[in-house]
Amino acid sequence: MTPNLIAMSMFGAMLVLLFSGQRMFGMIGFVAVVAALWLWGDRGGYDIAFAQSIKLMGWFPLMTLPMFIFMGYVLSESRLADDLYRMFHVWFGPVPGGLAIGTIFLMVLISAMNGLSVAGMAIGATIALPELLRRNYDKLMVTGVIQAGSSLGILIPPSVVLVLYAMIARQPVGKLWLAGVLPGLMMAAMFIIYIWIRCKITPSLGPVLSAKERAEVTRAEKIRLLSAGLLPFGIFLAMMVPFVTGYVRLVESSVIGALAAVLAAIVKGRMSWAVFETSARHTLAISCMFLWIILAALAFGAIFDGLRAVEALKGLFLEDLHLNRWTVLIIMQLTFLLMGTFLDDTAMLVIVAPLYVPLVDALGFDLIWYGVLYTITTQVAYMTPPFGYNLFLMRAMAPPEISLADIYRSIVPFVAVMILALALVITFPQIALWLPEQLYKQ
Amino acid sequence: MPNWTRTFVRHVDAFNYRVGRFAMYLLFVLMGVMLWSSFARSALTPAIWTDEMGQFLLLGYFMLGGAYSLQLDSAVRMDLFYSRWRDRTKAIVDAVTILGLIFYLGVLLYGAVESTAYAIETGETRRGLWRPYMWPVKTVMCIGIVMMILQCTSIFIKDLAKLRGEDLS
């Protein structure tokens, strides 16, 4: 069997096994160890799986993962975001689709306080969703807004996905985070423009807050609510300032962030044993899920390495098919999107990225820029059926009147906006690269 | 199901639960170590042990917590088809595929035991200034993997029981 054929059959076997619904890390690991034993069983092939755990240990920034997850859970479990939601609610109520626009702003702030989209989903589904439905917002609009908005969590710093990417691409995390800022804000702005135009044309999608309800809120109350916005800025600054100025390292800044969230919850009187215990338990569950998938996927990747799959792929694209590098990039993004629809994002990152990142590098593209493209593609993958992380979360959290078909249909316009954003970042790399270049020039 | 399976499932679940709850709090120890690291670097002399200690703690966190996370059923499944099956179908498919999972963990354990034996025999240390011994963390990994195998066996037995119309959980 040629290496290419082996690689392809490994991929095929993995997909079939994944569709059996067994825990993903087990199936990825199973295919990896069977291949390793079969290929190199007489020469230490049995060792490949465990060797990855030592490699994993060396990945220092991995420690940020449980910290950011814990932080996100403290924020959502303690309901610290309730005041934030009220602030946007009051200030944006008079605009067509204003509550949906406010929800996007809320998501941007939550994204700046945690590295995944889970917390955003939880906060959106528990706070924003019922309020918006009660005010007769269109349910497709509401579910779409929450899913799209929460996916910003992986693009706006701190971002766990970019930390994982940084380790695979061997690029500085700080630079990658800065590169994510403008594309993230741009995408949020595009969501807002889309919502505003849709609601302007069809006001029933997002009715303006009634005059009676607006009159109930005094000006003093409006000003007072603005102070709720100080909290996320406080947490964000406490975390980012010492890191960017070089006082603490990435991992330490994530610890500061987690503690700042706990402190904020205590100060606001929202901390209880139940909140703490639930956050710690979920953090363990989610972190273990991530780390075991990474461990298995690393073994899978190590075998692809041993088979020299990257060179084979590059040879196939550039020499056999005579494609230019931009065509290759676009093909890669398309296959990434396709795989993203049925692979979990962590698995996608750890299996596909070791194959693609060296290829991108060999083609002469900027790896920081590609990190942003990669993340946007992951965001789309988060939201596209059949396997979308946010779709599952939404299904688990949404009230029964929202059906699965509603959830699937609700994401279509937002995915279109995201693909437009992806195309913009591909065409104008400066959107991603300008900020890190400015700050790292000195 | 025979009586010993009942006892096995009960003991394994209880043991993994306790160790998992312990692992859950390692997160806060990790936080403390990292904070100390940044404090020592700016106020005292840089601590040489914190980075490796943090790495060991993270590894311990997810190795010892793994079995408990299986109990919490947090592992991602691709449930496109799975979610539509009847409980019985789920149990049949799970009972077969979990053997693959156990096989993977078995190979992992084989590598872990061999690596631990090597670390004990040669007094292997980690690179860096601190040069800690590697056998303690490797032993913890062996224990974690054994716990995972036991937990998967317990899940396997529960699936078999479900197929026979009994409930062990």
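The choice from B:Leu105, B:Asp94, B:Ile145, B:Val33 that makes the most heavy-atom pairs within less than 4.5 Å of chain A is B:Asp94. Considering only heavy-atom pairs separated by less than 4.5 Å from chain B, the leading option among A:Glu252, A:His282, A:Arg281 is A:Glu252. Ranked by non-hydrogen atom pairs under 4.5 Å with chain A, the options B:Gln71, B:Glu52, B:Arg126 are led by B:Arg126. Considering only heavy-atom pairs separated by less than 4.5 Å from chain A, the leading option among B:Leu70, B:Leu109, B:Leu27 is B:Leu27. Between chain A and the residues B:Tyr61, B:Phe103, B:Phe56, the largest count of heavy-atom pairs under 4.5 Å involves B:Tyr61.
There is no contact between A:Ile48 and chain B, counting heavy-atom distances below 4.5 Å. Heavy atoms of B:Ile155 lying under 4.5 Å from chain A belong exclusively to its side chain. With a 4.5 angstrom heavy-atom cutoff, B:Lys138 touches chain A only via side-chain atoms. Proximity to chain B is absent for every atom of A:Ser254, based on heavy atoms less than 4.5 angstrom apart. For A:Leu65, no part lies under 4.5 angstrom from a heavy atom of chain B. Using a 4.5 Å cut-off between heavy atoms, B:Ile98 contacts chain A through both its backbone and its side chain. A:Met27 touches chain B through its side chain: at least one heavy atom from C-beta onward sits under 4.5 Å away, while N, CA, C and O do not. In this structure, chain B has no heavy atom under 4.5 Å from any part of A:Ala51.
Closest non-hydrogen pair, A:Met63 versus B:Asp51, comes out as CE-O, 4.1 Å. Here the shortest heavy-atom pairing between B:Leu72 and A:Ala285 reads CD1-CB, 3.9 Å. Nearest heavy-atom pair, B:Trp85 versus A:Phe19, reported as atom, atom and distance to 0.1 Å: CH2-O, 4.2 Å. When all heavy atoms of A:Ser20 and B:Thr97 are compared, the pair lying nearest together is OG-CG2, 3.4 Å. When all heavy atoms are compared, the tightest approach of A:Ala49 to B:Tyr104 is CB-CE1, 4.2 Å. Nearest heavy-atom pair across B:Ser37 and A:Arg249 is OG-NH2, 3.2 Å.
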**Request:** List the steps, then state whether side-chain contact (heavy atoms from CB on, under 4.5 Å) holds for A:Phe70 with B:Met31.
**Result:** CA-CA 11 Å; A:Phe70 181 70; B:Met31 283 186 190; 3.7 Å; yes
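Annotation for B:Tyr118: atom OH does not count as buried by contact number, only 12 or fewer foreign heavy atoms lying within 6.0 Å.
Put simply, the side chain of B:Leu101 reaches to within 4.5 Å of the side chain of A:Phe25, judged on heavy atoms. A heavy-atom distance below 4.5 Å is found between the side chains of A:Ile54 and B:Met141. Residues A:Tyr247 and B:Arg41 are not in side-chain contact: their nearest non-hydrogen atoms beyond the backbone lie 4.5 Å or more apart. Using a 4.5 Å heavy-atom cutoff, the side chains of B:Phe62 and A:Leu56 are in contact. Using a 4.5 Å heavy-atom cutoff, the side chains of A:Leu295 and B:Met63 are in contact.
Rounded to the nearest 0.5 Å, atoms CZ (A:Arg23) and OG (B:Ser69) are 9.5 Å apart. Summarising the geometry, atom CD belonging to A:Glu277 is positioned 5.0 Å from atom CE belonging to B:Met24; distances are rounded to the nearest 0.5 Å. If you take CG on B:Leu108 and CD on A:Gln52, they are separated by 10.0 Å, rounding to the nearest 0.5 Å. Considering CZ of A:Phe50 and CD of B:Glu114, their distance stands at 10.5 Å, rounded to 0.5 Å. With rounding to the nearest 0.5 angstrom, the CE atom of A:Met67 is 3.5 Å from the CG atom of B:Leu30. Considering OG of B:Ser38 and CZ of A:Phe243, their distance stands at 13.0 Å, rounded to 0.5 Å.
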